[in-house]
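Accompanying notes for the structure given below.
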Amino acid sequence: MPQLDVNDTTLYYEDEGTGPALLLLHGWGTSARTWGAQLADLTRDHRLVTVDWRGCGRSARPLRGNTTAGVVSDLVALIGALRLDRPVVVGSSIGATFATELGVRRPELTSGVIAVDGPAYWPSTGMPLAELTDGLRRDRAGTLAAWVPQWYSPGTSPALVDWTVRQILDSGVHIDEHFAAAAAYDPRPVLPALRVPIHYLHGALDTEIPLEVPRSCAALTPGAGLSVIAGAGHMPQQERPAEFNAALRAALARMVPAARATP
């Protein structure tokens, strides 16, 4: 079981394949298992590293450090320990926030960022995070059972939804601290000066993070692109894996020349 001790916690990771490095970050409460439909394809020609970030999946569940800064610091340590050569960082949901912040804070460590249905900021029409946090405190299982189905497009297999709920119930409760930061997070002021390439992949039917979010962020960021996955909700890598993988590869193909040209 590959584990890495960093910043007073222990992270579970997997490192497979050879070629340009990709670092994949899952969303809130789930695990690197959400990238299962990408592994066989991407490891054909990439070095693929997946990690359960602190508090989630097979990693430790520490009381402290459950912040954006804490997770980004873990990623910096992971990149150094595994000697990853400027990986493209692919983040799903809040994982896209971590990927973006890594690009903002430590641009020399990454060749680019791909934000998958990322909550770059919470629009005024979005989910009431304070109510969600209260619901999780009072009835975690019931709140997740009502909320998680909204992540997926209509017709998604109930088994996939139930599996997602089980992953979150398996993770630590201290990750709820991320919601307080997410409510105020807004990278738009710094995006015009972002020094690494960024591309947004987004499910067309995402009701959690509407398309206005990646559109506005892409418009602010020089050279940014946006690909929309038809028929997918908040988890396109699981809902439409073939279409997602094709869009991801197209984004990577455009990103590599841009990264080489970035000072």
Side-chain angles (χ1 to χ4, degrees), residues 1-36 38-40 42-43 46-116 118-119 133 136 140 163-182 185 196 237:
M1 184 171 174
Q3 294 180 322
L4 183 68
D5 292 329
V6 298
N7 301 328
D8 299 319
T9 193
T10 301
L11 302 180
Y12 174 88
Y13 72 94
E14 295 183 0
D15 185 353
E16 301 289 346
T18 58
L22 301 178
L23 174 59
L24 272 56
L25 308 177
H26 61 85
W28 178 84
T30 58
S31 73
R33 292 186 173 104
T34 58
W35 299 108
Q38 284 67 57
L39 298 183
L42 293 176
T43 51
H46 287 84
R47 179 184 178 186
L48 188 65
V49 175
T50 59
V51 60
D52 294 350
W53 43 268
R54 63 169 58 213
C56 300
R58 295 146 290 186
S59 291
R61 289 139 171 73
L63 173 63
R64 296 175 178 82
N66 298 288
T67 62
T68 298
V71 175
V72 170
S73 179
D74 292 346
L75 297 177
V76 170
L78 178 76
I79 290 171
L82 299 184
R83 298 183 179 180
L84 296 179
D85 182 15
R86 297 189 69 213
V88 172
V89 185
V90 184
S92 170
S93 192
I94 199 171
T97 296
F98 304 149
T100 301
E101 282 300 300
L102 180 65
V104 169
R105 302 179 189 200
R106 299 295 303 272
E108 77 281 5
L109 295 182
T110 175
S111 292
V113 171
I114 296 181
V116 181
T133 303
L136 290 170
R140 196 170 192 83
W163 179 64
T164 305
V165 171
R166 289 199 305 273
Q167 286 183 80
I168 301 172
L169 287 173
D170 227 19
S171 292
V173 298
H174 303 305
I175 60 171
D176 296 0
E177 294 178 27
H178 285 289
F179 289 124
Y185 181 71
V196 299
Q237 71 271 35

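Everything numeric in this text was worked out from a predicted model, so none of it was measured.
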Flag side-chain contact, heavy atom, 4.5 Å: V173 against R140: yes
Return yes if some donor-acceptor pair links the side-chain N/O of Q38 with the main-chain N/O of Q237 below 3.5 Å, else return no. yes
Measuring from atom CZ of R33 to atom OG1 of T164, what distance do you get when rounded to the nearest 0.5 angstrom? 12.5 Å
What's the shortest heavy-atom distance between R54 and P62, and which atoms? NH1-CG, 3.6 Å
Please check this pair: side chain of D15 against backbone of V49, looking for a donor-acceptor N/O pair closer than 3.5 Å. no
Looking at every heavy atom in both D170 and R61, which two are closest together, and how far apart are they? O-NH2, 2.6 Å
For the atom pair CD1 (I175) and CH2 (W28), what is the distance rounded to the nearest 0.5 Å? 4.5 Å
Which residue is it: L84, T18, L22? I am looking for the one with a side chain to side chain contact (heavy atoms under 4.5 Å, CB included) to R47. L84
Given 3.5 Å as the limit, does a donor-acceptor pair link the side chain of S92 with the main chain of G95, or not? no
From R166 atom CZ to S31 atom OG, the distance as rounded to the nearest 0.5 Å: 11.5 Å
Say whether, by atom type as modelled, one donor and one acceptor occur between the side chain of D52 and the main chain of R58 under 3.5 angstrom. yes
Verdict with supporting geometry, V113 and L102, side-chain contact (heavy atoms from CB on, under 4.5 Å): CA-CA 9 Å; V113 171; L102 180 65; over 6 Å; no
Working for side-chain contact (heavy atoms from CB on, under 4.5 Å), residues Y185 and I94: CA-CA 11 Å; Y185 181 71; I94 199 171; over 6 Å; no
To the nearest 0.5 Å, what is the distance between NE2 on H178 and OG on S93? 11.5 Å
Give me the atom names and distance for the closest heavy-atom approach of A99 to L25. N-CD1, 4.1 Å
Ring centres under 6.0 Å, that's the criterion: do W35 and H26 meet it? no
With a 4.5 Å limit on heavy-atom distance, are the side chains of V51 and L4 in contact? no
Might you point out which heavy atoms bring R105 and V72 nearest each other, and give the distance in Å? CD-CG1, 4.4 Å
Distance, nearest 0.5 Å, that separates CD of E14 from OG1 of T50: 4.5 Å
Heavy atoms only: give me the nearest G29-S171 pair and the separation to one decimal. O-OG, 2.9 Å
Would the distance check show the side chain of T100 and the main-chain N or O of A96 forming a donor-acceptor pair, the cut-off being under 3.5 Å? yes
Rounded to the nearest 0.5 Å, what's the gap from CD1 on I114 to CG on L23? Could you check? 11.5 Å
Using side-chain heavy atoms (C-beta onward) and a distance below 4.5 Å, is L75 in contact with R106? no
Is it true that the side chains of T10 and Q3 contain a donor and an acceptor less than 3.5 Å apart? no
Can you give me the closest heavy-atom contact between P2 and Y13, atom names plus distance? CG-O, 2.6 Å
Decide if atom CZ of R64 counts as having more than 12 heavy atoms of other residues, nucleotides or ligands within a radius under 6.0 Å. no
State, with a plain yes or no, whether a side-chain heavy atom of P87 is found less than 4.5 Å away from one of I79. yes
Show, in sequence, the C-alpha distance, side-chain angles and deciding distance for V6 and L78, and conclude whether the side-chain contact (heavy atoms from CB on, under 4.5 Å) test is met. CA-CA 8 Å; V6 298; L78 178 76; 5.7 Å; no
Any donor-acceptor pair under 3.5 Å from S111 side chain to V88 backbone: no
